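Because the structure is predicted, anything quoted here is derived from the model rather than measured.
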Amino acid sequence: MQVDEQRFLADLHRLRSFGASGVGKGVVRPAYSAADVAARTWLAQRISAAGLVPHFDPLGNLFGLAEGRSLLVGSHSDSQPEGGWLDGALGVIAGLEIARAARAAGGPAVSVVSFQDEEGRFGVTTGSEVWSGKTSLKEADQFIDNTGTTMAQARGVLADVAQDFLPHDRFSGFVEMHIEQGPALDQSGEKIGVVTDIVGIRDMRITLDGQQNHAGTTPMAVRQDAFQALATFNMELARRFANVVTPATVWTIGHVSLHPNAASIVPGRVRFSMQWRDGDLDRLTRMEQIILELAKEIGQRHSVTVSLGPVMGIDPKPMDVNIQAALAVAATDLAPGVWRNMTSGALHDAANMASVMPVGMLFVPSINGISHAFDEDTDEADLVLGLRVLARAVQALA
């Protein structure tokens, strides 16, 4: 099985052209956008040209199927609202190249996948979450993005090509190649990371309703200012987390929607995202309790009404020991002395897949540890080395 490194890079750059931001190598390709649909249409064509069978399921997950039971390799091709060219896309194109090379060599059987909405326009890794059975399609269809669009409305753009969901036992396992999205490999000079486990994540939306009022005539003492309530919540949260979290624990308020968002009006409503991640399930649960208790207290203190959305997420997941071993052997052979075992602090489709089949992950460096930004990048020599290590491991596993 011989991978074509130049073909791999050419396909990777071609995928970047769908939703190219015009700023560096950045892309704007959110799930179900015109750029996302165009990219998936092109991927389906490349899958057919490789002798594989393209298959869109009802959610828009795109598979390139080998005959019979196969090893599944891939990731996702949607992006953040301001995303990089490699996040997810790297794993999809690596999977395509390896599946293509395997077919040309007469085996082993390898299929490829591009999951939908990994980046969370509607939920948390929605495409693989629904396909793995954690969430039903009926439930997911009710998910709403930041513009008020439902998943059911959004996925209608792919309705003409949608087929049934594939059975899990069609595949013997799942392997995902990804950029690290952090600084560890880049700072150490190492080239390959073999993932041992993926941290857990929790994500929810919180709404604070106060009283919209005149910014010049409403005394500070009587205001029901939704933004001030959020500001207090943010400051107090760090203090209450102090004796619970570790240096590896992270939490983020990443999206804030203020209403009416005008200079001369006391804000009457704020809706914001609350996300937290850790490798320990008990710690995630304790953090959730703190968040919920604090939100209620802030509501009373600032005289605002608190509305709590559902808590979504994925528990911490270990990677399959046999897949880890195959990746480690390949890394030792092809990147001796410049690889390590490591935890993934970012969430990936592999975390959902771990509930239905053996899974493993391989990381390559992110320059300066940057991801989810237009200046996300990795040296092409590192991309090619990652492809070679992954192909060696896939051949051994399949």
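Contact check on Glu97 versus Arg7 returns a salt bridge, with a Lys/Arg side-chain nitrogen under 4.0 Å from an Asp/Glu carboxylate oxygen. Using a 4.0 Å cut-off between charged nitrogen and carboxylate oxygen, Asp11 and Arg46 count as a salt-bridge pair. No salt bridge links Arg283 with Glu288; every basic N to acidic carboxylate O contact stays at or beyond 4.0 Å. Using a 4.0 Å cut-off between charged nitrogen and carboxylate oxygen, Asp377 and Lys25 count as a salt-bridge pair. Looking at Asp282 and Arg286, no side-chain N of the basic residue comes within less than 4.0 Å of a carboxylate O on the acidic one, giving no salt bridge. Of the charged side-chain nitrogens involved, none lies within less than 4.0 Å of a carboxylate oxygen, so that Arg29 and Asp78 do not count as a salt-bridged pair.
Here the side chain of Trp276 pairs a donor or acceptor atom with the backbone of Leu284 at under 3.5 angstrom. Between the side chain of Arg16 and the backbone N or O of Gly26 there is no donor-acceptor pair closer than 3.5 Å. Between the Thr285 side chain and the Leu281 main chain, a donor and an acceptor come within less than 3.5 Å of each other. In this structure a side-chain-to-backbone donor-acceptor pair under 3.5 Å is present from Thr378 to Pro365. Although no hydrogens or angles enter the test, the distance criterion places a donor-acceptor pair under 3.5 Å between the side chain of Ser273 and the main chain of His255. Proximity of a side-chain donor or acceptor of Ser70 to a complementary backbone N or O of Phe171 within less than 3.5 Å is not detected. Side chain of Gln324 to backbone of Ala328: no donor-acceptor contact under 3.5 angstrom is found. Between the side chain of Gln116 and the main chain of Gly127, no donor-acceptor pair closer than 3.5 Å is present. In this structure, Thr218 contributes its side chain and His214 its backbone to a donor-acceptor pair below 3.5 Å.
No hydrogens or angles considered: nothing links the side chains of Ser307 and Thr207 as a donor-acceptor pair under 3.5 Å. A donor and an acceptor atom, one from each side chain of Glu297 and His302, are nowhere located under 3.5 Å apart.
Both Val311 and Leu308 are members of a single hydrophobic cluster when ILVMFWY side chains are connected at heavy-atom separations under 4.5 Å.
Considering only heavy atoms from C-beta on, Met274 stays 4.5 Å or farther from Thr252 through its side chain. By the 4.5 Å heavy-atom criterion applied to side chains, Phe233 and Phe272 are counted as neighbours.
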>> Pair Arg392, Asp333 - check salt bridge (charged side-chain N to carboxylate O under 4.0 Å, His left out), show working.
In response: CA-CA 9 Å; Arg392 178 78 64 89; Asp333 290 345; 3.5 Å; yes

> Should Asp209 and Arg269 be marked as a salt bridge (charged side-chain N to carboxylate O under 4.0 Å, His left out) after you check the CA-CA gap, both sets of side-chain angles, and the distance that decides it?
Replying inline: CA-CA 5 Å; Asp209 282 297; Arg269 172 180 294 175; 2.5 Å; yes

>> Using salt bridge (charged side-chain N to carboxylate O under 4.0 Å, His left out), reason through Arg202 and Asp315 one step at a time and then give a plain yes or no.
In response: CA-CA 8 Å; Arg202 296 291 184 268; Asp315 292 345; 2.6 Å; yes

> Between Leu385 and Val364, is a side-chain contact (heavy atoms from CB on, under 4.5 Å) present by the stated rule, with each step listed?
Replying inline: CA-CA 8 Å; Leu385 177 60; Val364 295; over 6 Å; no

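Of the residues listed (Phe63, Phe165, Phe174), the one engaging Trp131 in a ring pair (Phe, Tyr, Trp, His ring centres under 6.0 Å) is Phe63, and it is the only one. A salt bridge (Lys or Arg N to Asp or Glu O under 4.0 Å) with Asp145 holds for exactly one of Arg155, Arg205, Arg121; it is Arg121.
Crowding of Phe227 atom CZ: a count of heavy atoms from other residues, nucleotides or ligands under 6.0 Å not exceeding 12. Atom CD of Glu67 has 12 or fewer heavy atoms from other residues, nucleotides or ligands within 6.0 Å. More than 12 heavy atoms of other residues, nucleotides or ligands sit less than 6.0 Å from atom CD of Gln289.
Residues forming a ring-ring contact (aromatic ring centres under 6.0 Å, His included) with Phe18 (at least two apart in sequence, or on another chain): Trp42.
Between Gly189 and Val338, the shortest heavy-atom contact is O-CG1, 4.4 Å. Residues Arg40 and Leu158 approach most closely at CD-CD1, 4.4 Å, considering heavy atoms. The minimum heavy-atom distance between Asn352 and Ser128, with the atom names listed, is ND2-OG, 2.8 Å.
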